[in-house]
Amino acid sequence: GRTAITAGHGTSCPKRSTLFATSWSEVAELNFKEILELIDKVADRGIGAVEIEQAGLKVRIEGKSSEPQVIHSYAGDRPAPPPAPVPPAPPTPAEKAATEKAAEDAAEVGLHIITSPIVGTFYRSANPESEPFVNVGDRIARGQVLCIVEAMKLMNEIESDVDGVVTRIYPQNGQPIEYGEKLFAVKLSS
Amino acid sequence: GRTAITAGHGTSCPKRSTLFATSWSEVAELNFKEILELIDKVADRGIGAVEIEQAGLKVRIEGKSSEPQVIHSYAGDRPAPPPAPVPPAPPTPAEKAATEKAAEDAAEVGLHIITSPIVGTFYRSANPESEPFVNVGDRIARGQVLCIVEAMKLMNEIESDVDGVVTRIYPQNGQPIEYGEKLFAVKLSS
Amino acid sequence: MPAISKVLIANRGEIALRVILACKEMGLKTVAVHSEADRDALHVRYADDDVCIGPAASRQSYLNISSIIAAAEITGADAIHPGYGFLAENAHFAEIAGECGLTFIGPTPEAIRLMGNKAVARDTAQKAGVPILPGSDGPVRTFEEARDIAQGIGFPVILKASAGGGGRGMRICGDESTLQSAFDTARNEAERAFGSADVYIEKYLEHPRHIEIQVFGDTHGRIVHLGERDCSIQRRHQKLIEESPSPVLNREIRQAMGDAAIKLCKAVDYVNAGTIEFLFQDGEFYFMEMNTRIQVEHPVTEEVTGIDLVKEQIRVASGLALSVPHGDFFLRGHAMEFRINAEDPVTFAPNPGKIREFHLPGGPGVRVDTAAYRDYVIPPHYDSLIAKLIIRGKDRAEVLARSRRALEQFIIEGVKTTIPLDRAIVNNERFILGDFSTRFMEEFEW
Amino acid sequence: MPAISKVLIANRGEIALRVILACKEMGLKTVAVHSEADRDALHVRYADDDVCIGPAASRQSYLNISSIIAAAEITGADAIHPGYGFLAENAHFAEIAGECGLTFIGPTPEAIRLMGNKAVARDTAQKAGVPILPGSDGPVRTFEEARDIAQGIGFPVILKASAGGGGRGMRICGDESTLQSAFDTARNEAERAFGSADVYIEKYLEHPRHIEIQVFGDTHGRIVHLGERDCSIQRRHQKLIEESPSPVLNREIRQAMGDAAIKLCKAVDYVNAGTIEFLFQDGEFYFMEMNTRIQVEHPVTEEVTGIDLVKEQIRVASGLALSVPHGDFFLRGHAMEFRINAEDPVTFAPNPGKIREFHLPGGPGVRVDTAAYRDYVIPPHYDSLIAKLIIRGKDRAEVLARSRRALEQFIIEGVKTTIPLDRAIVNNERFILGDFSTRFMEEFEW
């Protein structure tokens, strides 16, 4: 059997800054927990400042002043910081793989990331003999099948939700992937 | 039997930071615990500053190199809400009694503190009928007996290790005292 | 049955970690599955493999059967432990797992299905000669039918959803007029909550105790019971404190309840861990329902029997015989479990958020099952259980004294928890005397 | 004996907290004493009263008898628990406590004194018919005397300080020339360490196990033993891992050792908790020494007997009879203790400092005794024990498997600890087989 699943917008990873801005507009009233979360976010992302004004409420959070302020400086010219010493098995895995993500994130600025909507095995072609659905550099259109994710013997076709050019294919053919895992980077047609 | 013991220098009390004195619990929207949490957050995350404005309330917390500085202002004389619940027995007792110590410390600047070199019961006089060894305002000399600390039926005379004037007597007569507990404040002769 | 070498745990929180630890002790590999909200969860950290199976909402992650089965496929897991809650009593899930060649660590889909329907379970119990509360034989369709039955067994009576649980669709009726107004409400609630409007009617006990029997069957036809747990301290059918042995059971009644539980299990060829819930009042016990899974409160039984129930589940699922010794069964000492929920202890409103201080009690007789840690952020999407404090001692008096000091030692800050409530309960005179029913919390003041 | 209502704990660290928790369970008030370096210690936090008794140096605080007695006086304590170490085996302290009307929770000053001198203890044992290692009857004054004895019993032999312990003043001599050079060194060391140059000589066993019997006497003349602890995993006479039962004792030898231990206790009218240490090799056991206090490793016995030894100490000190059931004694399951020291696991150099991460293991069969917590600063003035991990299971295999996963779960950061060493040991083949002697650590490579 075949199931067509349209990839959702890459909102799966809460740590990704590209999509961070949109979620704020959904916030109706900022509560205390959300302010704490904002502070974490400002600290985690090395943001310069965040300012939010609502009726009767104004919140301003300024990032660390002692370090050079980082305001979405994804230019990639800053060398990656040396990896922090990794404790044997810390119970708080918050900073897990933070540094390696940073370099990747920088390269993804302005790109649309298509993530996997399901768990399974990634296949670039319909069967071992056939050509890949897409290659890097290919122009793709919304609704076009990009790959197959096999789960429970079902071959699930993953379709593009945008028009653009494929700039990167993340998984290897035959690789297991989890929910939300990056599949394709797409430079959107302008 | 009688034992003469010379009091040691009063270095027993760990230094406390001053001036947490103003009550944050008067703030209306944010409660006291939440502001404490914000301060922790600013300090923990090395944030530059957090500013929150609500009707009649403005909170600004600036992170600093060593410790967070708290600047607050609020409009009007609001009645104080009930104090925030105190956790029953936190395992980290660092902040124990910080505020009450602060005022005391301030008053002791430039004074010599005589502390108890032993554990026992504090007596101001040799026996219930006799006059106290010293009173506030008395000039005392090095080696002069200031009080008795009874321990294991022994009356231990505590002598002064300085010349000066007694400005304060900390324990009440008959009060149990521990090692290092403050006995007398002495203004040194110059 | 195939040997098990790699277990996927289709759950989260303390039970997921509990199962992982059991697997580690047995030398088995583990796969954690998690939602996007649980990336920092401890069960993810301690498993050999981990797979993100969906967004925070349970329906799209921990209840997403195809995601979970796919996660087993891509990680090479050969068995699934469902924990409790989520898919643990979903016969369809157990069935699909089996069809996909995965060993389901639990009962057969048939047993889950049989016991999952309360009316069928009740019927099965009755046929097996297990005492049940007098009431309707299966669903009642009309008020008139309900009224006739109620008059036959005498008021008060209770209406319950046939497919339900957790209090929804339940109505207590003290007289005929209450029954009249409650009948349609209960049916509507049942319809909305469980997709079936069927309700049945039973005699209502006014001060029963909730006493359940832990049962265990293996694939070689052996079924044993491991004594009881008294779970009468509940709030709105949510258990708060459980203990074993029950302060009110004597050897004869325990034996009778154990025998009844085993009879029921034999009637459905039950395999793996299960729990038969009874109501107990005035020396009589009545079958309530069967839970076809490991229970939250299973540690209580572990502490008084010395048997690791989760490891036993895995043993049995891999086809081994029960390791429970043959011969006379007895409980050693006493054990009590306190569920520590991130909730306001007065309103029971969930209180998710960041744990700022997390200091565990220790010393003799103290066990803590938790997947929380300091700086852990409790996500708002799931249930509020963050730790279980299990106290063991030579008798109930020692357990009470030890519970008091352990609850005093247990410090959680940053979120509200039920610890203050537990502290109050262990100092309550009626609790200390063991003189309470399931209505204890309704009357409890502190 | 007077009833006890308020107990001063003349100790610090985990054992002080352990005693406080026991007192809380018994409804007794507690007084913590502490040095200036221990203001933030947990035993201070959990006690009802606390008294600073001196500066950081032990000699001026935890060994300062008059300060401690005065602290009891000003707080109204009526009993003193000495813990282990510090003043626990100081007969003078026990005596003064008694003279000041305080109940000393431990043996009589006479028993402490008798057993504190090794030569006297050995002599007492010999007279009681307890097997001892062949050697000198009391101190040997000259090399010639030592040589004659050594030739009589055969090399290798060992020289030991009569008043000593902990390895100081000890010398192993494989032949006469080694004995000649070691004799004066041992005497000098003994003199410096214990104030007495007296040494005695004994047959030296090359691959003995250290097996000790827990004993308990009450004031009504009853003395029992509670089985053994195998403490063979030591480094420089510091125990690292202890377990019960010993993997090498059978029922008969256990019985014989227990009987011998009881005989010795009866010879000195022993009251309260004590430990008789034996060396065990080739099926024979030899009395080594008696410790007249609760041991660091007492939880191992608690886990296999279900008896709270500290509460039992307090019961017995207040004149009550032992609560240990009469009749056939047996150990249930298996238990193992890992001492977690803040030390470099390779060099064993102490590593005091701030604990930056402190995550405890949990789940079935896991007990942690500790007074440490995250952000606690371990002071450099005292011994480096910061936690004891005690694992219980139905048999040694389960305990080993559980130990592995619990040691993996146990995270301490900020200071180096012996946890990595423990992890290596529980995966060592000889340790797994139970095939080891006190020389295990000398040969251990990782």
Side-chain angles (χ1 to χ4, degrees), chain C residues 14 17-27 42 45-46 298-299 302-303 305-311 323 325 332-333 357-375 387-390 392-395 397-406 408-409 411, chain D residues 14 17-27 42 45-46 298-299 302-303 305-311 323 325 332-333 357-375 387-390 392-395 397-406 408-409 411:
Chain C
E14 69 84 21
L17 187 57
R18 170 76 186 85
V19 176
I20 288 170
L21 297 180
C23 289
K24 280 181 187 289
E25 292 184 19
M26 298 176 80
L42 224 49
R45 167 62 51 132
Y46 282 111
H298 75 273
E302 294 183 324
E303 295 302 317
T305 62
I307 298 163
D308 185 320
L309 294 182
V310 176
K311 293 204 302 203
S323 75
R332 284 198 190 106
E357 194 64 72
F358 196 67
H359 183 77
L360 299 185
V366 176
R367 164 179 171 185
V368 180
D369 281 21
T370 184
Y373 52 88
R374 186 163 122 172
D375 294 344
K388 303 189 304 201
L389 172 65
I390 304 108
R392 174 177 48 96
K394 63 181 177 190
D395 52 30
E398 183 169 64
V399 167
L400 284 171
R402 193 162 274 166
S403 299
R404 271 177 219 119
R405 69 95 177 152
E408 185 188 341
Q409 243 190 317
I411 308 292
Chain D
E14 69 86 19
L17 187 57
R18 170 78 186 84
V19 176
I20 288 170
L21 297 180
C23 290
K24 281 182 185 289
E25 292 184 18
M26 299 176 79
L42 224 47
R45 166 63 53 132
Y46 282 110
H298 76 273
E302 294 183 323
E303 294 302 317
T305 61
I307 297 164
D308 185 320
L309 294 182
V310 175
K311 292 205 300 203
S323 75
R332 284 197 189 108
E357 194 63 72
F358 196 67
H359 184 76
L360 299 184
V366 175
R367 164 179 171 185
V368 180
D369 280 22
T370 183
Y373 52 88
R374 186 162 121 171
D375 295 342
K388 303 188 303 200
L389 172 65
I390 303 107
R392 174 177 47 95
K394 63 180 175 189
D395 51 31
E398 184 170 63
V399 167
L400 284 171
R402 193 162 275 167
S403 298
R404 272 177 218 118
R405 69 94 177 152
E408 185 189 340
Q409 241 190 320
I411 308 293

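Chain identifiers are assigned alphabetically (A, B, ...) following the order of the sequence lines, protein sequences preceding nucleic acid strands; residue numbering begins at 1 within each chain.
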- Proximal to chain C - members of residues 398-405 of chain D, heavy-atom separation under 4.5 Å: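 Heavy-atom contacts from residues 398-405 of chain D to chain C are D:E398, D:A401, D:R402, D:R405.
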
- Select one option (side chain, backbone, both, neither) describing which atoms of C:K311 are under 4.5 Å from chain D's heavy atoms.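 Side chain of C:K311 only, per the 4.5 Å heavy-atom cut-off to chain D.
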
- Which atoms of C:P364 come close to chain D, meaning under 4.5 Å heavy atom to heavy atom: side chain ones, backbone ones, both, or neither?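 Interface part for C:P364: both.
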
- For D:A372, is it the side chain, the backbone, both or neither that has a heavy atom under 4.5 Å from a heavy atom of chain C?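 Looking at D:A372, just its backbone touches chain C.
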
- Task: Check salt bridge (charged side-chain N to carboxylate O under 4.0 Å, His left out) between D:K24 and all other residues, then give those that pass, not counting sequence neighbours.
- Result: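 Salt bridge (charged side-chain N to carboxylate O under 4.0 Å, His left out) check on D:K24 returns C:E408.
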
- List in chain and number order the residues that pass salt bridge (charged side-chain N to carboxylate O under 4.0 Å, His left out) with D:E303, two or more places apart in sequence or in another chain; answer none if no residue qualifies.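 With neighbours one apart ignored, the set is C:R392, D:R367, D:R392.
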
- Mind checking what makes side chain to side chain contact (heavy atoms under 4.5 Å, CB included) contact with C:A371, not counting sequence neighbours?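 C:A371 satisfies side chain to side chain contact (heavy atoms under 4.5 Å, CB included) with C:L17, C:L42 once adjacent residues are dropped.
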
Against chain D, work out which of [options] has the most heavy-atom pairs shorter than 4.5 Å and name it.
{"options": "C:E302, C:K394, C:R18, C:Q409", "value": "C:Q409"}
{"options": "C:G393, C:G365, C:G363", "value": "C:G363"}
{"options": "C:I390, C:V310, C:D308", "value": "C:D308"}

- Which one, D:I20, D:V366, D:V368, D:L21, leads in non-hydrogen pairs under 4.5 Å with chain C?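 Greatest number of close heavy-atom pairs with chain C: D:L21.
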
- Item | Pairwise distance CG(C:D375) to CD(D:E357) - rounded to 0.5 angstrom |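 The distance works out to 7.5 Å.
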
- Quick one: sort the C:H359 and D:Y46 rings into parallel, tilted or perpendicular, breaks at 30° and 60°.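 C:H359 and D:Y46: parallel rings.
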
